[in-house]
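Working notes for the structure below.
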Amino acid sequence: MKPKEPLVPLERTVAVDLGRRSYGVRVGPGLLGAMGDAVAALPGVTGAAIVTDSNVGPLYGQRVSDALAAAGVQAALIEFPAGEASKNLSTVAGVLDALLAITPAVDRATVVVALGGGVVGDLAGFVAAIALRGMRFYQCPTSLLADVDASVGGKTGVDHQAGKNLIGAFHQPAGVMIDVETLKTLPRRELIGGLAECVKHAVIRDASLLDYIEDRAEDILACLGDVMTELIARNVAIKAQVVADDEREAGQRAHLNYGHTVGHAIEAQAGYGELSHGQAVALGMVAANRLAVGRGLLDEQSAQRIERLLNKLELPTRRPGLDADKVWWIMQHDKKALAGRIRMVLPTKLGAAGIFDDTDEQALRDAIEYLGSP
Ligand SMILES: NC(=O)c1ccc[n+]([C@@H]2O[C@H](COP(=O)([O-])OP(=O)(O)OC[C@H]3O[C@@H](n4cnc5c(N)ncnc54)[C@H](O)[C@@H]3O)[C@@H](O)[C@H]2O)c1
Ligand SMILES: [Zn+2]
């Protein structure tokens, strides 16, 4: 029998401790309705602009604008076509045009509300960073990936033809409001993609989170409210801690790249969109684990345990027919390869990670080949 939801649903608040730029992340069910009070509580608010995409706008735009209106904050709604293909400077220009056409005119007391997945959060956050030399913005993430990863940390920006996320700014939100009920409409593929980042956080920082995900895997896949609140709050706490320790990515923040060095190359090799980001990251984590086992950092049982968990979450751990040479070539030409050296984040045990610049070429090729094995 499925556990029943308790009468008082769980709510959590996680602090992101960044001195003057500190903010809180609230996680729980029905929180879109709390957006009005949250935005109205920001000092001197004169109005709001909700930036969203063509999938999320029709689902939740009205609810957020009603909540804002009920708190006395008039909001305009700005929508752009959903998808990574929109995450570029021409969409930024369109959103800026719409923002600056609002009457009465926006000023620096207007708050930008980013309502949607990571694409909306990154793009709306970037618009807020550059419009009027900086406006406050509130993150209202609606995809699991945005909940646990993109909405926290203040990295905003868009893609360029030359590569992903090449144009951007650090701009911290004034707050983050995560309504776990929005996950009920999220396509399953997107939910599962977000789970790869949750496993990533657990492996690099918190072995007990790994236990939790294992124990509650079925409830997570069924998007059970309290379990999602707990899962997201624990992940936000990890991301917040990493960011607070290293806001501008000098060291520790790079641990978040676990699974991403090989993952990005597999994603690019497959052609963006064919494999989801989360699926590619799952494969990247498996490859990183092979290297970690080979160096005696991680024991084989732990590596197998992570693979079993990924499979339980319907994430891939093998990709038969993978073109290992091509993945290797892409990795060597990655902008993050330092003077020809490939930087790898490897687990040093369950719940901890390190950065390694001395990866043996053959070991890395073997780890990629392993993914192609049956
Ligand atoms: N800023 C950061 O630190 C950071 C970190 C990780 C990823 N990112 C960025 O995040 C982006 C990926 O985010 P994403 O996976 O959320 O992609 P996304 O924003 O494209 O959302 C995925 C899809 O789900 C839809 N969607 C979102 N919420 C929904 C809901 N509740 N119901 C129905 N449909 C919904 C969207 O419209 C879209 O079609 C990438 O551009 C990546 O670069 C940023
Ligand atoms: Zn990722």
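Whatever order the structure lists ligands and atoms in, that order sets their numbers, starting from 1. Keep in mind the model is a prediction, meaning the values are calculated, not measured.
- Relative ring orientation between H260 and H264 is described as perpendicular, the plane-to-plane angle rising above 60° on a 0-90° scale split at 30° and 60°.
- The existence of a salt bridge linking R295 and D358 is confirmed by a sub-4.0 Å separation between a basic side-chain nitrogen and an acidic carboxylate oxygen.
- With distances taken over non-hydrogen atoms, the option nearest atom 35 (C) of ligand 1 out of L186, L256, V148 is L186.
- Of the candidates D122, V158, T185, T185 brings a heavy atom nearest to atom 32 (N) of ligand 1.
- Heavy atoms of N165 found under 4.0 angstrom from ligand 1 belong exclusively to the side chain.
- Comparing K155, E190, E84 by heavy-atom distance to atom 23 (C) of ligand 1, the nearest is E190.
- Applying the 4.5 Å side-chain rule to ILVMFWY residues, one finds V51, I78, F80, L89, V92, L96, L99, L100, I102, V106, V112, V119, V120, L123, F126, V127, I130, L132, M135, F137, V158, I167 in the same cluster as V95.
- The shortest N/O to N/O separation between T156 and ligand 1 does not fall below 3.5 Å.
- Under a 4.0 angstrom heavy-atom cut-off, P187 registers as being in contact with ligand 1.
- With atom 14 (P) of ligand 1 as the reference point, the heavy atom nearest to it among P81, G153, G118 is part of G118.
- The pair E11-R26 counts as a salt bridge, with a side-chain nitrogen and a carboxylate oxygen less than 4.0 angstrom apart.
- In terms of protein heavy atoms, atom 37 (O) of ligand 1 is closest to D53 OD2, 2.7 Å.
- In this structure, atom 7 (C) of ligand 1 lies nearest to the protein heavy atom L145 CD2, 3.5 Å.
- Heavy atoms of K164 approach ligand 1 to within less than 4.0 angstrom.
- The closest approach between a heavy atom of K239 and any atom of ligand 1 is below 4.0 Å.
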